[in-house]
Chemist: 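Just passing along the structure, written as structure tokens.
Residue numbers start from 1 in every chain, and the chains themselves are labelled A, B, ... in the order their sequence lines are given, proteins ahead of strands.
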Protein chains: 2
Amino acid sequence: MKENMRDILIQTMFESLYHEGYNASNLIDLLKKAGTSKGGMYHYFGSKKELALESMRIVGEGFIDHFWGGCFARHDDPIRALDEILKALPNATIIGECPFDFKHGCPLNHMIQEMSALDEDFKILLESIMDRWIALIAENLKKGQNIGVWGKSFEPTRMAQFIVSSIEGTLTLMKVKQDIRIYEENTELLLQTLKVLTQKG
Amino acid sequence: MKENMRDILIQTMFESLYHEGYNASNLIDLLKKAGTSKGGMYHYFGSKKELALESMRIVGEGFIDHFWGGCFARHDDPIRALDEILKALPNATIIGECPFDFKHGCPLNHMIQEMSALDEDFKILLESIMDRWIALIAENLKKGQNIGVWGKSFEPTRMAQFIVSSIEGTLTLMKVKQDIRIYEENTELLLQTLKVLTQKG
DNA sequence: CAAAAAACAGACCAATAAGTCTGTTTGCTG
DNA sequence: CAGCAAACAGACTTATTGGTCTGTTTTTTG
């Protein structure tokens, strides 16, 4: 059951992007961590950028589909799913051995800030990941409306954008303040808000 | 009325940090834009990092004190002030000739993502700027409670953190999607939320 | 088992960029 | 106006880093 070097490179690059960012991460260190060499990497990927893009795509889509999508799928009631997601996030594993942690915040946010205005390919990819995330939440908000746990007065996509924004902003604050109470207080306020904004009638 | 080169360097560095980030910005280009040379810059600052830190400090504190603080000071009612701030932000000038723009989002968020886990000096500075921002809002929320436009059931600092998070997250979304409607919809939801969470009685 | 292709190792190259150092200009002061 | 210090110009140094290229090992396949 030998792991494929291409996958190892993708995971290792993700960790570098998450912890150091794109410009500050260097290939030699990355290759050392991955246990390979220049030749090994350039055999699979045409450039640092190509590996980084593929890495963000695989990990980003995977985390949304499996962690978020999985939580939604395990609950009939999307309210409980959202609550569980926010409680589970601080201890979540993003990919392989790489845990989510408050010191480094949200990798998607990090890449958006660092790269989206600098490189069009990154921008396009990051936007598509963000769209996938928002679409998944909106979809489940709609489901909540259909099964009657939420009212119909709100627009699911708008509400999903609001939720995502609130989470991203909270994680930014966490990254610089590293106080878990802020996360708990903010998510509590968010859930409280949702109950009001989405109430029936 | 000749402008001081030290100030020009601070403004030019801020633009570079805002538009390219710390690692991707290079000194030669920056010096060309500022109209000076290596000798000119190293006369005032010991390193690129020193200039960047000073730049973020001056501009960050200035924007919070003047733009945010100014808006709060012009209104007795902090509800109206917050509303005006959110409406004015898309056309605000951050410093000198550098306008706020959705393509580049929030410079504070950008620096937090790129630098706070990478360099302790950046982290300390960025946290202090964030604290100043939150404290200013909390202060004015408290004022709103005291003059009776808001109820007393909420904790000003927690609410300020929630507001800041929501704005930061919204600007992250703007940076990658660049659709002003999202900003308008999100800020509308935020204000709506505040009215509910801060209501009297 | 032999040949070919995939996978990998690592020396080398070229570009970039921060920082240094020497020398020149500008402006203030006694 | 002389002298001195602040302000600035720019060539040079040094370190880093992404990418290339040649050669070796491993695996697959006919």
Side-chain angles (χ1 to χ4, degrees), chain A residues 1-58 96 110-111 114-115 117-122 125, chain B residues 1-58 96 110-111 114-115 117-122 125:
Chain A
M1 196 64 185
K2 190 193 150 205
E3 232 185 329
N4 186 282
M5 181 52 73
R6 192 176 184 278
D7 294 338
I8 295 176
L9 283 166
I10 284 174
Q11 282 188 33
T12 312
M13 176 52 104
F14 176 78
E15 273 192 52
S16 287
L17 293 177
Y18 185 29
H19 295 161
E20 281 100 50
Y22 182 80
N23 289 302
S25 73
N26 89 32
L27 281 181
I28 302 289
D29 289 357
L30 182 146
L31 294 171
K32 218 173 279 175
K33 280 179 203 160
T36 186
S37 63
K38 290 279 181 80
M41 183 207 129
Y42 282 94
H43 174 69
Y44 293 107
F45 302 96
S47 64
K48 176 187 181 185
K49 177 179 159 181
E50 197 181 305
L51 169 55
L53 286 170
E54 182 69 357
S55 178
M56 281 304 294
R57 194 184 65 77
I58 297 285
H110 187 153
M111 280 299 108
E114 186 185 356
M115 298 307 293
L118 221 59
D119 184 290
E120 187 66 13
D121 296 321
F122 270 97
L125 173 72
Chain B
M1 196 61 186
K2 190 193 151 204
E3 231 184 327
N4 186 282
M5 179 54 71
R6 192 176 184 280
D7 294 338
I8 295 176
L9 282 167
I10 283 174
Q11 282 188 32
T12 311
M13 176 53 104
F14 176 78
E15 274 192 51
S16 286
L17 293 176
Y18 185 28
H19 294 162
E20 282 100 49
Y22 182 79
N23 290 301
S25 73
N26 89 32
L27 280 180
I28 301 289
D29 289 357
L30 183 146
L31 294 171
K32 218 174 277 175
K33 280 179 203 160
T36 186
S37 62
K38 289 281 181 77
M41 184 208 128
Y42 282 94
H43 173 68
Y44 293 107
F45 302 96
S47 64
K48 178 188 179 184
K49 177 180 161 181
E50 196 181 306
L51 170 54
L53 286 170
E54 180 70 356
S55 179
M56 281 305 295
R57 195 185 64 78
I58 295 284
H110 187 152
M111 282 298 107
E114 187 185 354
M115 299 306 295
L118 220 60
D119 185 289
E120 187 66 13
D121 295 322
F122 270 96
L125 173 71

Chemist: Could you list the residues that satisfy side chain to side chain contact (heavy atoms under 4.5 Å, CB included) with B:Ile8, not counting sequence neighbours?
Modeler: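 Per chain and number, B:Ile8 pairs via side chain to side chain contact (heavy atoms under 4.5 Å, CB included) with B:Glu3, B:Met5, B:Thr12, B:Ala34.
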Chemist: Could you tell me the separation between the CG atom of A:Asn4 and the P atom of D:dT27, rounded to a whole number of Å?
Modeler: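 About 13 Å, once rounded to whole Å.
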Chemist: Heavy atom of residues 8-34 of chain B under 4.0 Å from DNA chain C: which residues?
Modeler: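 By residue number: B:Ser25, B:Asn26, B:Leu27.
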Chemist: Can you tell me if B:Lys38 touches the phosphate of D:dG10, counting only side-chain N or O atoms and a distance under 4.0 Å to OP1 or OP2?
Modeler: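 For B:Lys38, the contact criterion (side-chain N or O under 4.0 Å from OP1 or OP2 of D:dG10) is not met.
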Chemist: By nearest nucleotide on DNA chain C, pick out whichever of B:Tyr42 and A:Gly40 is the more 5' one.
Modeler: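 Comparing both residues, the 5'-ward one is A:Gly40.
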Chemist: Round to the nearest Å and state the distance from A:Phe45 atom CZ to C:dA7 atom C1'.
Modeler: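 Atom-to-atom, A:Phe45 to C:dA7, this comes out as 14 Å.
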Chemist: Check whether any side-chain N or O of B:Lys38 sits under 3.5 Å from a backbone N or O of B:Leu27 as a donor-acceptor pair, and report yes or no.
Modeler: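 No, B:Lys38 side chain to B:Leu27 backbone: no donor-acceptor pair under 3.5 Å.
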Chemist: Is the distance from OP1 or OP2 of D:dC8 to the nearest side-chain N or O of B:His43 less than 4.0 Å?
Modeler: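 So the side-chain polar atoms of B:His43 never come under 4.0 Å of the phosphate oxygens OP1 or OP2 of D:dC8.
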Chemist: Of the non-hydrogen atoms in A:Leu30 and A:Ser16, which two are nearest, and what is the gap between them?
Modeler: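 Smallest interatomic distance, heavy atoms only, reads CD1-OG, 3.7 Å.
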Chemist: Check the phosphate of C:dA7 against A:Thr36, side-chain N and O only, distance under 4.0 Å to OP1 or OP2. Yes or no?
Modeler: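 So the side-chain polar atoms of A:Thr36 never come under 4.0 Å of the phosphate oxygens OP1 or OP2 of C:dA7.
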Chemist: In whole angstroms, how far is the C1' atom of D:dG19 from the CD atom of A:Glu50?
Modeler: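 Checked: the CD to C1' distance equals 13 Å.
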Chemist: Rounded to whole Å, please give me the gap between CE in B:Met5 and P in C:dG27.
Modeler: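 Going from B:Met5 (CE) to C:dG27 (P), I get 13 Å.
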Chemist: Please report the closest heavy-atom contact between B:His19 and A:Ala117, naming both atoms and the distance.
Modeler: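 Smallest interatomic distance, heavy atoms only, reads O-CB, 4.5 Å.
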Chemist: Which residue pairs pass the ring-ring contact (aromatic ring centres under 6.0 Å, His included) test with at least one member in residues 22-47 of chain B, sequence neighbours excluded?
Modeler: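 Residue pairs passing ring-ring contact (aromatic ring centres under 6.0 Å, His included), neighbours aside: B:Tyr22-B:Phe122.
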Chemist: Over all heavy atoms of both residues, which pair between A:Glu20 and A:His110 is shortest? Give the atoms and the distance, please.
Modeler: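 In terms of heavy atoms, the two residues are closest at C-CE1, 4.2 Å.
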